[in-house]
Enquirer: 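Starting off with a structure, shown below.
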Amino acid sequence: MPDLSGKAAIVTGCASGIGAACVKRLVEDGASVLGSDINPAGENVCEGLGARFALHNVADTQKWPKIVDQAVAAFGRLDILVNNAGIVGQASIEEVSDEIWDRIYDINIKGTMAGCRAAIAAMKANPGGPSGALVNIASTSAMAALPGDPAYCSSKGAVRVLSKSIATHCAQKGYNIRCNTVIPGATETGILNAAEEQTPGLKAAVAATSPMNRLGDPAETAAAIAFLASDECPFMSGAELLVDGAALSLHPGF
Ligand SMILES: NC(=O)c1ccc[n+]([C@@H]2O[C@H](COP(=O)([O-])OP(=O)(O)OC[C@H]3O[C@@H](n4cnc5c(N)ncnc54)[C@H](O)[C@@H]3O)[C@@H](O)[C@H]2O)c1
């Protein structure tokens, strides 16, 4: 298990799924954690896991510095930001409205950018000099597209390259601040459950396309996040960790 004792973290989208599993994992690994979510239910989740909570819509870019200040005031520093909050659009290129497009982009990519921007400002001021780990959550939909959701797929593609740009900037500036991406495959969470309600049988169908013949557990993604957030991988920045049960590794037809 990575040792995160003494580290302070923010995890967005903490009320359910991968975000809640991530708060649990980081706390178990020794970190002090501030979870945030647009859903007030995140407060109970965080309380039950031994973390603090802040109500925050990640698309509210002006509020991001306040959320970071809240973590620094509570913990004295900021070492880890996990940009996990994300939504799907479920509208094809023929159906997607400007409103849906903007909403997806505001949350999935602008929120991620604003989180990294605010976190880097705080990480630069950490006692001992600039240090920290940014972990952004993309999706296998950024590598193989969903025909029914160009906004989601392209926003997650943007997250991948955003992480690389941030990684190179921080490295060239001489900051000890790494930025990496975790790429989950189909995982048993609220997003998939909502899709299952619209399309009964979807979860079983998706699981059947995986060589492991199952969906991922959010804790399995959280383990990859904890690794990238830790000091175990100081030369990993701009990297991507695929957590998809080999789904994208399978040649079509096999
Ligand atoms: N579950 C999957 O199969 C899967 C696969 C690939 C990537 N992902 C990504 O993993 C991340 C977590 O998703 P999940 O599967 O745990 O889904 P989830 O729906 O269970 O959790 C998402 C959380 O984000 C919160 N959220 C939504 N909009 C927000 C906003 N504007 N501000 C703050 N919080 C907001 C929700 O309230 C919810 O608690 C997302 O970025 C998603 O795109 C999920």
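Reckoned from all heavy atoms, side chains included, excluding hydrogens, waters and symmetry mates. Both ligands and their constituent atoms are indexed starting at 1 by order of listing.
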Enquirer: Given Asn84 and Thr12, is the side-chain hydrogen bond (donor to acceptor under 3.5 Å, both in side chains) satisfied, shown in steps?
Expert: CA-CA 5 Å; Asn84 163 75; Thr12 70; 5.1 Å; no

Enquirer: Less than 3.5 Å apart, any donor N or O on the side chain of Asn108 or Ser155 sitting next to an acceptor on the other?
Expert: yes

Enquirer: Between Lys203 and Glu188, does any side-chain N to carboxylate O distance fall below 4.0 Å?
Expert: yes

Enquirer: Can you check whether Gly42's main-chain N or O pairs, donor with acceptor, with Asn39's side chain at less than 3.5 Å?
Expert: no

Enquirer: Check each N or O atom of ligand 1 against all protein N or O atoms and list the pairs under 3.5 Å, with atom names and distances to 0.1 Å, one per line.
Expert:
residue, atom, partner, partner atom, Å
ligand 1, 1 (N), Thr187, O, 3.2
ligand 1, 1 (N), Thr189, OG1, 2.9
ligand 1, 3 (O), Thr187, N, 2.8
ligand 1, 3 (O), Thr187, O, 3.4
ligand 1, 15 (O), Thr189, OG1, 2.5
ligand 1, 16 (O), Ile18, N, 2.8
ligand 1, 20 (O), Ser16, OG, 2.8
ligand 1, 20 (O), Gly190, N, 3.2
ligand 1, 21 (O), Ser16, OG, 3.2
ligand 1, 31 (N), Asn57, OD1, 2.8
ligand 1, 32 (N), Val58, N, 3.0
ligand 1, 34 (N), Ile38, N, 3.4
ligand 1, 37 (O), Asp37, OD1, 2.6
ligand 1, 39 (O), Ser16, OG, 3.3
ligand 1, 39 (O), Asp37, OD2, 2.7
ligand 1, 41 (O), Asn84, O, 2.7
ligand 1, 41 (O), Lys156, NZ, 2.8
ligand 1, 43 (O), Tyr152, OH, 2.6
ligand 1, 43 (O), Lys156, NZ, 3.2

Enquirer: Salt-bridged, Lys7 to Asp231, with N to O below 4.0 Å?
Expert: yes

Enquirer: Would you mind checking if Glu220 and Arg214 are paired as a salt bridge, meaning a charged N to carboxylate O distance below 4.0 Å?
Expert: yes

